[in-house]
Each structure stands twice: as structure tokens, then as C-alpha cells.
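Read through the structure below, which is laid out as C-alpha cells, and then see the notes.
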Amino acid sequence: MNTKQFIPEKSTSFIDNKTYKWQTPSNIALVKYWGKSDPQLPKNASISFTLNNCHTITSVSFSKSTNVNEINFELFFEGQKKDAFKPKIAQFFERIQNYCPYLLEYDMVIDSENSFPHSSGIASSASGLSAIAMCVMSLEKELYPNISEDFIKKKASFLARLGSGSASRSIEGPLVVWGNHPEIEGSSDLFGVKFSKKVHPIFENYQDAILLVDKGEKQVSSTVGHNLMHNHPFANQRFNQANENLSKLSKILQEGDIDAFISIVESEALTLHAMMLTSNPYFILMKPNTLEIINRIWSYRNETNSKLCFTLDAGANVHLLYPENEKEQVGLFIKNELSSFCQNEQFILDKVGIGAKIL
Ligand code: PMV
């Protein structure tokens, strides 16, 4: 694997007192990534819809460093100094330092805010780390003006991945594949690539309503969950299944076979949680209301001609996926029936988006 392409030559330029601001989205996996090896390499390929409304806005200000021997940064979240988030970001900078040696020459002030409620159970690491990665790449572009837009996206995804695997899928949209897969041209374990095949119009503007079932801290972090896939009795079958599901889904997305889409997406969600149920030690991230919502979605589908389906992240919240032409009907179903199973009746209406935006 060629990671050397991401190591720049020493730069002779210096850019002082410059701020870059990016908005980057969250994403929801259709074929899930669960299991990795060092350094943040996925055990199988995954594909996700990029979201639109759930995003992070981050600015990074770069000024001359007061100590060039280590990476220096201050972190503000929604206007407040946030030292609790610092270790994760410090680890991220440590991992990317080889690929961005110029960062040592700067002090950084990072200012970040999310469009979704704080601790809503929506992972903010994908949008948060991809936003910092884009700001770093904006600096790199000024230091090395000849780098191409394509390289910037690739390297931003590569850097974001080193912070959080799924963050590699938050640079572009509407569909991104991360992980080497023989049928997806250009795919790589190192970074996410846009799904380049022509997608059927039924999947355009696809809707995602996120039902906030449980907003508390997860009992088991995704880092611990990924690690439990080492020595997991079903690990190899699972990694093969995910790669096969991606082959199938690639065809389904092009042909518009929405029933086949539903069956793969729901199976992927339940399989992800089945891996948790069968880990050693085992754990459960779904809540009773997660199951209640799933059962109600199935009844709703039986009673109507709806193509509504669900997927799950590593948590209790439920993502409802449906075509744009069902927006109104499903909206009513959520409001009248499903919202009562959400914490404080909260849900977020989102849809598929196109990726990182400079502000
Ligand atoms: O990127 P991480 O380490 O937070 O892992 C994310 C894993 C899932 O969200 C459960 C699946 C995925 O592919 O996004």
C-alpha cells in the first residue's frame, strides 16, 4: 500500500495567521465496517450515504508555533474550551504528523460546532475529524499550490481515517466506499472513494430520519467493539459476507431494486448488532424502543406499499431510510407513531448530501 504518496517534501513556505473553515457531514453505513487492524485498516469494505443536515462546522487558525518540537493546539467546542475532547484530537495529530510534518511549525486554535444536539448518540467523530482534516488540507494547498483537488480529497479522507475509520467516508457524497474491493475501481483500505457508478434515480435525494432512542453515553465504545472482532468466532464469515453484500448492493444501487436494497440494509444492521451479541465479552447496544421501532416499521411496510427500511449505527438510535416520494407519508408515521419511542420525542430529518463544503 502506497502511503508514501501522502508524505510531502519539506516546504520552504510559511503561512502565518490564517484561518480555514469547513463544514463536513456525518454518514450512515449501508454495508458496515466492524473490525479493523492497525493502523485503522478495515477488515472489509463498507459503503455509506453521506448525510446533509447532520454536520460539523470547524475552523482552524494557524499561527507561528511557540514550540516546534510538538503539536500545539487549543480546542473550543460550541464556544467553550473543551479539554475533555483533547486526547482524541491529540492522538489524531500524532497519527497524522508523519504525513503533515509542517503542522509542527504552527500553533492551532480549533473551533467546532455540530448541527445536531450534543450527546444525541449521533457519532460526531466522522464529521468532526473530517472537518479538521479538510482544514489541514487547506493549509497544505497553500504550502504546496500544485496539489490537485483530487489529491486533496484523497489525502483528507486518508487523514480523517487515521482519526476514526468511518470519518474517511465523510469527505464526499452521495455514496462513498471505503476499503479495498475488487469490483469498485480505485477503492482502497487507505481512504474513501466516491461510488462512481451511475445510481438509479430512486436513490437520489434518499431520506434519512434519525430517531433518537437513547442519547446517553454508549456502554461500549466502537474502539472496544472493533477490537472484539479479533478472535470473534464469526469474524471471517462476517468479513466475507460484508464484501459480498457490497457487490450485491453495487448492482442494486444501479438497477434501482429497492426490495433487494431493503433486505441487504436491514440485514447489515442486524448483523452488526449480532456481532456485538456474540462477542466475548458480549454486549447489547439496542434498547427496548429500538426493537419496538423496528417491529413497527415492519408492520407499516406490511400494511402499506412503503419502501421504508431501517439501519442502525453502533448505538440504540434508528435511522429510517426511504425514497423522497414517501417523505410526507413517512413524516406523518414518524410524528404520529414512532416519535413516542424516542427520548423526549426527538428525531432529526436528514437526507443524502454531497460532502465537505468550504465556508
Ligand atoms: O469509525 P468508527 O471507529 O466509529 O466505527 C464506526 C462503525 C459503525 O458506525 C458501526 C459502522 C460504519 O461503517 O460506520
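Just so you know, ligand 1 is whichever comes first in the structure, and atom 1 is the first atom listed for that ligand. Source: prediction; values computed, not measured.
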Can you list the ligand 1 atoms lying under 4.0 Å from a non-hydrogen atom of Ala314? 10 (C)

Keeping the roles fixed (side chain from Ser46, backbone from Lys32), state whether a donor-acceptor pair exists under 3.5 Å. no

One should read off an interatomic distance between Phe49 CZ and Ile28 CD1, to the nearest 0.5 angstrom, of 10.5 Å

If we set the cut-off at 4.0 Å for heavy atoms, which region of Ala29 has an atom near ligand 1: side chain, backbone, both, or neither? side chain

Taking the side chain from Glu266 and the backbone from Phe310, do they hold a donor-acceptor pair closer than 3.5 Å? yes

Nearest option to atom 12 (C) of ligand 1, as decided by whichever heavy atom of Met275, Arg161, His226, Arg169 sits closest: Arg169

Pick one of side chain, backbone, both or neither for how Ser166 approaches ligand 1, counting any non-hydrogen atom pair under 4.0 Å. both

Leu272 heavy atoms, cut-off 4.0 Å: which ligand 1 atoms fall inside? 10 (C)

Using 30° and 60° as the class boundaries, would you call the ring planes of Trp178 and Tyr33 parallel, tilted or perpendicular? perpendicular

Going by the atom numbers of ligand 1, which of them fall below 4.0 Å from some non-hydrogen atom of Gly165? 1 (O)

Do Lys86 and Phe73 form a cation-pi contact, if we require the NZ or CZ to be under 6.0 Å from the six-membered ring centre and within 45 degrees of the ring's axis? yes

Describe, in one word, how the ring planes of Tyr300 and Phe333 are oriented to each other, choosing from parallel (under 30°), tilted (30 to 60°) and perpendicular (over 60°). parallel

Report the part of Ile28 (side chain from C-beta onward, or backbone N, CA, C, O) that has a heavy atom under 4.0 Å from ligand 1; answer both or neither where that applies. neither

Check ligand 1 against Asp313 and write out every atom of the ligand that is under 4.0 Å from a heavy-atom position of the residue. 9 (O)

